[in-house]
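Because the structure is a prediction, the values reported are computed rather than measured.
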Amino acid sequence: MKNENENEIQDINPETPVTEQESPVSTEEKIQPEDFEKITEPEEPNKDPEKNHKIKEYTASAKFRRGSISTVFTIGFIVVVILVNTIVGILGERFPSINVDLTKSSINTLSEQAIKVTDSVKVPVTISIMATEAATKNDQILSDYGIKYSQVGILAAKMAERNSNIKVEYIDLVKNPTYATKYKSDNIMEGDIVVKSDKRDRVIAYTELFNVQTGADGSSSETYSLVDSALASGVNSVIAENLPVTAFDTGHSEQIDTTTYKSLLSNNNFESKDFNLLTEAIPDKTQMIVLGCPTTDYTEEEIKKLDGFLSSSTLAGDRSLVVTFSPNQKAMPNLAAFLAEWGIEVPQAVVVESDQSKFYTDNASYILSNVQTALKLGGASDYGYFTTPLSNPVNLLFDAKGTKTTYSLAKSNDSCYLVDNNTKSTDTPVKAAYNTAALSQDSVKSGDKTYKANVIALGSTQMFSSEILSASTFGNGKYIVDLSKYATGTSNTDTAVTSNSVQTNVADITLSTEASTLVGFGVFTVLIPLLIAIAGMWVYHKRRHL
């Protein structure tokens with residue numbers, strides 16, 4: 001038993017020699033650590049040597065390098081464009097003035113007068129636009145009339161950017177119908193604007209922002225924008241310390257066109273009221289009364305009211321009476337006697353111009369007058385063309401008398417002559433320069449202060465027509481504003497705002513319907529896409545052969 005165990009031990013003794021056949025691994029082929037790692041790692045699948053060679057060859061080629069660089073550059077360029085577009089969009093929203101105004105008439109740029117008004121705002125002012133911001137920016141408001149309503153949002157935003165006291169908000173009247181109840185008397189609707197401060201509110205109707213007129217051909221329409229001046233006047237009126245009242249007498253079938261005149265007054269911090277001098281008292285806070293070309297004479301009672309208004313010691317401020325005339329008026333003895341006391345006489349005649357270069361519209365009575373500077377109104381230094389069509393002569397009966405002093409406000413050229421009902425075709429008219437507007441001034445004590453009392457006679461009522469006051473050709477609008485401010489003692493207190501009407505749909509090129517269709521379909525629908533496709537195919541062909 002023992003022998004058997006010893007034999008077994010001998011068999012496993014390491015010193016016992018082992019034949020080569022019995023040993024699976026020789027001592028010289030022992031497993032090394034690196035061999036162990038090879039055994040433990042999974043073998044990679046067999047690779048195609050030829051395929052590997054082609055890949056290496058392609059990646060090392062100029063075609064691959066150029067294509068890769070081009071792809072990277074293209075992707076980088078697209079990313080940069082997107083980033084720049086995003087940044088510019090954000091900056092454009094935050095700083096509207098960086099957006100370039102490409103409109104023909106620069107309607108998206110604030111005018112000088114709008115800038116002056118904006119810079120003068122010292123108190124919080126809110127411009128409320130009766131529309132959503134999206135509808136405004138996308139010109140969805142009043143689009144049926146061909147109106148670019150986005151101009152309202154653009155200019156309002158530029159005013160707010162320029163002065164931090166100005167804020168712009170959008171009011172959706174559909175979602176917020178109760179807002180309109182605050183302005184029931186104004187009947188506000190979509191497209192209107194409300195400008196407000198702690199002092200007062202001002203509602204600007206959309207008809208004050210845009211004016212759509214029928215074209216000369218009777219079928220087309222012409223759209224005019226007044227947004228710039230309307231916003232400026234709205235802001236100007238809500239920051240004014242006080243609003244002097246201008247009262248228009250309506251009891252004598254007056255022939256004056258007051259539409260644009262009242263708009264000018266409203267734009268420049270005046271409040272306008274109509275009243276009947278015969279049956280009603282002069283409205284409170286009135287500083288200017290307008291008798292706009294009356295067709296019937298005034299009673300003695302009315303004359304006393306006018307005289308009491310001019311001499312009132314309870315009215316703390318300058319006051320004025322403005323009377324306009326027309327050659328076709330009937331004689332008015334009571335009014336004439338009252339004016340004579342102030343040194344003014346207005347004959348029933350018309351001033352006619354003999355020099356064709358000094359009148360317009362082929363009508364010799366549509367004359368150009370010269371604004372006189374003896375009396376400083378405190379406004380513009382130059383009014384350009386100033387017209388007084390169909391004007392009566394305004395004579396001054398004295399230069400000074402007692403406490404009253406007279407001034408010429410405007411004169412015709414010395415090439416003019418007068419025509420009245422007694423003028424004959426065979427007469428040789430006397431040519432001279434005639435006054436077409438004059439002012440007589442007195443002084444009035446109120447408390448411990450002295451104020452001016454003025455009587456202003458304007459020979460031309462036609463000079464107040466909307467066509468003239470709104471036309472940029474003439475300086476009548478600016479002059480009337482300055483004269484009204486002087487008449488009420490408010491000169492140099494606020495920025496003057498005149499209505500600037502700018503046509504927004506001016507046609508640069510006239511095309512027939514057929515030509516317009518050809519351009520729209522042929523060029524933009526067919527030609528341009530075709531050229532882009534050809535260019536793309538050419539680039540693809542070139543890239544294939546790099």
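Between Tyr149 and Gly191, the shortest heavy-atom distance links the atoms OH-O, 2.8 Å.
A distance-only check finds a donor-acceptor pair linking the side chain of Asn163 to the backbone of Asn165 [under 3.5 Å]. Asn435 places no side-chain N or O within donor-acceptor distance of the main-chain N or O of Ser408, the cut-off being under 3.5 Å. Put simply, the side chain of Arg200 gets close to the backbone of Ala240: a donor and an acceptor are under 3.5 Å apart. Looking at Asp192, its side chain never comes within 3.5 Å of a backbone N or O of Met130 through a donor-acceptor pair. Asn454 places no side-chain N or O within 3.5 Å of a backbone atom of Ile456 that could act as its donor or acceptor partner. A donor-acceptor pair under 3.5 Å is formed between the side chain of Gln348 and the backbone N or O of Gln329. Judged purely by atom type and a 3.5 angstrom limit, Asp297 uses its side chain to pair as donor or acceptor with the backbone of Leu335. Under the 3.5 Å distance criterion, the side-chain polar atoms of Thr299 are matched with a main-chain donor or acceptor of Glu302. With hydrogens and angles ignored, the 3.5 Å screen pairs a side-chain donor or acceptor of Ser446 with a backbone N or O of Ser313.
Taking the six-membered ring for Trp and the full ring otherwise, the centers of Tyr479 and Tyr383 sit less than 6.0 Å from each other. The six-membered or imidazole ring of Tyr261 lies away from that of Phe270, with a centre-to-centre distance of 6.0 Å or more. Side-chain rings of Tyr366 and Tyr360 approach one another, their centers coming within less than 6.0 Å.
Side-chain contact between Val394 and Phe325 is absent, with no heavy-atom pair separated by less than 4.5 Å. Annotation: side chain of Pro124 is not in contact with side chain of Lys167 (no heavy-atom distance under 4.5 Å). Taking the side chain as every heavy atom from C-beta outward, Val235 and Val121 approach each other to under 4.5 Å. The closest side-chain heavy-atom distance from Leu277 to Tyr298 is below 4.5 Å. Side-chain contact between Leu439 and Thr406 is absent, with no heavy-atom pair separated by less than 4.5 Å. Here the side chains of Val152 and Ile193 are in contact, with some heavy-atom distance below 4.5 Å. For the pair Ile204/Arg202, a side-chain contact is recorded, criterion being any heavy-atom separation below 4.5 Å from C-beta on.
If you take CG on Asp442 and NZ on Lys401, they are separated by 12.5 Å, rounding to the nearest 0.5 Å. Here the CG atom belonging to Leu142 is positioned 10.0 Å from the OG1 atom belonging to Thr207, to the nearest 0.5 angstrom.
When only modelled atom types and interatomic distance are considered, Asp355 and Ser357 share a side-chain donor-acceptor pair under 3.5 Å. Side-chain contact of Ser263 with Glu208: a donor-acceptor pair under 3.5 Å is absent, judged by distance alone.
Around atom OH of Tyr385, no more than 12 heavy atoms belonging to other residues, nucleotides or ligands sit under 6.0 Å away. No more than 12 heavy atoms of other residues, nucleotides or ligands lie within 6.0 Å of OH in Tyr145, so this atom counts as exposed by the packing criterion.
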Might you work through the side-chain contact (heavy atoms from CB on, under 4.5 Å) test for Lys485 and Thr490, ending with a clear yes or no? CA-CA 5 Å; Lys485 283 180 171 291; Thr490 55; 3.7 Å; yes

Evaluate the side-chain contact (heavy atoms from CB on, under 4.5 Å) criterion for residues Arg319 and Leu310: first the C-alpha distance (whole Å), next the side-chain angles of each, then the deciding distance (0.1 Å), finally the verdict. CA-CA 6 Å; Arg319 73 293 307 270; Leu310 291 170; 4.2 Å; yes

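Pairs engaging residues 270-295 under the side chain to side chain donor-acceptor pair (under 3.5 Å) rule: Lys262-Asp274 [sequence neighbours left out].
The pair Asp414-Lys431 does not meet the salt-bridge criterion, since no charged nitrogen lies less than 4.0 angstrom from a carboxylate oxygen.
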